[in-house]
Protein chains: 2
Amino acid sequence: MHGSQDAAADRRSPLALKLAAFVRLKAEELAQLERLQRRCRRFDAGAELLHETEVGAKAFILEEGWAVSYKSLADGGRQVVDFQIPGDFLGLRSLLLRMSDHSVAAVTEIVACEIDAAELQNALATAPRLGMALLWAVSRDEAMVVEHLVGIGRRAPLARAAHFFVELHQRLQLAQLATATSYACPLNQYLLADALGLTAIHLNRTLRRLRERGLMTLKAGTVTIHDVAGLTALAEFESGYLDQAPPSV
Amino acid sequence: MHGSQDAAADRRSPLALKLAAFVRLKAEELAQLERLQRRCRRFDAGAELLHETEVGAKAFILEEGWAVSYKSLADGGRQVVDFQIPGDFLGLRSLLLRMSDHSVAAVTEIVACEIDAAELQNALATAPRLGMALLWAVSRDEAMVVEHLVGIGRRAPLARAAHFFVELHQRLQLAQLATATSYACPLNQYLLADALGLTAIHLNRTLRRLRERGLMTLKAGTVTIHDVAGLTALAEFESGYLDQAPPSV
DNA sequence: CGGCACGTTGAGTGGAATCAAGAAGTGTGG
DNA sequence: CCACACTTCTTGATTCCACTCAACGTGCCG
């Protein structure tokens, strides 16, 4: 019995692990959650899962790999809204708003489980605490977007980049995908530039400055932080919005 | 009977009117919603309802007047995340995340109803469709923040300002607080500048350019749009994310 | 070997921030 | 009624940073 419980815990999805930071889910609720993650599919790197202005779009739960959500402009410009790592939702808003307001693409090869509005509504009606958990996850995502907005609107490029890499580091550590000083980061400089509201050229120079100051290095898809305290200080990073604490519900 | 129904409809809160765009709420659900809006208070212009890093903060539903949510930086900078008008939530995220990630202040004198986490959880458990409606409202708010992010990250100041005023126009029209070409706008140029990621000086010049192009004028707290089509075109405004359609649930 | 994606560097320009100051409107008290 | 303070708005001059354009390096893969 104890052995089988351990086995079940091992099989827990990244999403369940993430939600565990907010609400201590009961077995029944966990089962509901896993039931949402049956229809898993694999997507190639670069594949577009969702396109802005699409109506009646699906949403996904990301199990493996990295994804990116972004909006495109008429002049060819692109703004990356956020990157998603295992345990994150992809395109959840397009289930509720009738038209997808953004695009989602796979950065690396990914595995993601499709969910539709009916399933979601059903799960919420059956397990109301799951609804709270979902509201929490959405709120946390929004808090990250808000922090991103502050960075682009009011932080200088160097601090902005620092903040971005520190946030990513924290998120990956929570998902057990980073060590204390480094993590794999499959984002190229075009993606990073579109996330940080800079040109790729200027981002490159910004990265160089971070390197020259002995704070961090991005090389061959790996971020190495040489001075965690220094980088965090430069970023004025306040981790409160990530809400990483023991469950409160 | 018919008369009393009309009277009830007249008393409907701005929030109920807004949610009606998404879900056709039943009488029982409407009653739950109104029950959330009992503890109403008045706040002076400039009063701070919520401060960032505050723990266990309350949330509010705005009934009358304008509010602003923002984050402050160490260097004295401030980024306005969004402005709220009647029917909008204030600080809803601080109910779910354990620490408020942003501040909220009254722009004009306002009336707002306090809600706490227990009430919310209770209402959600009793009326699950209200949970969907809430998720919709939060998603719509997030979509607005995302659009804001795109504006600051990738739009030129002129288009950014145009987009801002068009979005506000649409929101106010939905709340029946605007005519086809004008609306009252109690935001001064410091607030606007902090919202648009510009200095007040540069915002002033941007407003002048909008005026000189015959697109719109902001004077004495009133926005007058001289050329709706032109302003919308300059802004590359796509209204999809506001999700203003007949109810789907 | 050539083609392509990605990264790096240099030189020049334009536009937003900064610094400085004044005008216009609003409220208060003598 | 006017003097005064205060907020908000407006304009000019200057500086600096991020964008643009252009080019080259580097590694990978067919």
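In the text below, chain A, chain B and the rest are named by the order of the sequence lines, each starting its count at 1. Note that these values count all heavy atoms, side chains included, but never hydrogens, waters or copies made by symmetry.
The residue from A/Q84, A/E52, A/Q79, A/R93 that alone fulfils the side-chain hydrogen bond (donor to acceptor under 3.5 Å, both in side chains) condition with A/S69 is A/Q84. A salt bridge (charged side-chain N to carboxylate O under 4.0 Å, His left out) with A/E147 is found for one member of A/R140, A/R155, A/R154 and no other, namely A/R155.
Atom CZ in A/R160 sits about 12 Å away from atom C1' in D/dC17, given to the nearest Å. Distance CG (B/L203) to P (D/dT10): 9 Å, rounded to an integer number of Å. Atom C1' of nucleotide D/dT10 and atom CG of B/L218 are separated by 13 Å, given to the nearest angstrom. Across the protein-nucleic acid pair, B/H202 atom NE2 and D/dT11 atom C1' stand 14 Å apart, rounded to whole Å. What separates CZ of B/R209 from P of D/dT11 is a distance of 14 Å, to the nearest Å. Between A/K219 atom NZ and D/dG27 atom C1' there is a gap of 11 Å when expressed in whole angstrom units.
For B/H102 and B/Y70, the ring centers sit 6.0 Å or farther from each other.
Summarising the local packing, CD of A/E54 is surrounded by more than 12 heavy atoms from other residues, nucleotides or ligands at distances under 6.0 Å. For A/Q176, the CD atom counts as loosely surrounded, since its 6.0 Å shell holds 12 or fewer non-hydrogen atoms of other residues, nucleotides or ligands.
Put simply, the side chain of B/L234 reaches to within 4.5 Å of the side chain of B/L210, judged on heavy atoms.
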Exercise. Could you walk me through whether B/T217 and B/H226 pass the side chain to side chain donor-acceptor pair (under 3.5 Å) check?
Worked result: CA-CA 8 Å; B/T217 305; B/H226 308 303; 2.5 Å; yes

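Minimum interatomic distance between B/L90 and B/A112 (heavy atoms only, all atoms of both residues): CD1-CB, 4.3 Å.
Bracketed by its first and final contacts, the part of DNA chain C lying under 4.0 Å from non-hydrogen atoms of chain A reaches from C/dC6 to C/dA11 in 5' to 3' order.
Nearest-nucleotide positions on DNA chain C for A/R154 and A/R208 put A/R208 closer to the 5' end.
For DNA chain C, the residues of residues 183-201 of chain B within the heavy-atom distance limit of 4.0 Å (strictly under) are B/G197, B/L198, B/T199, B/I201, sorted by number.
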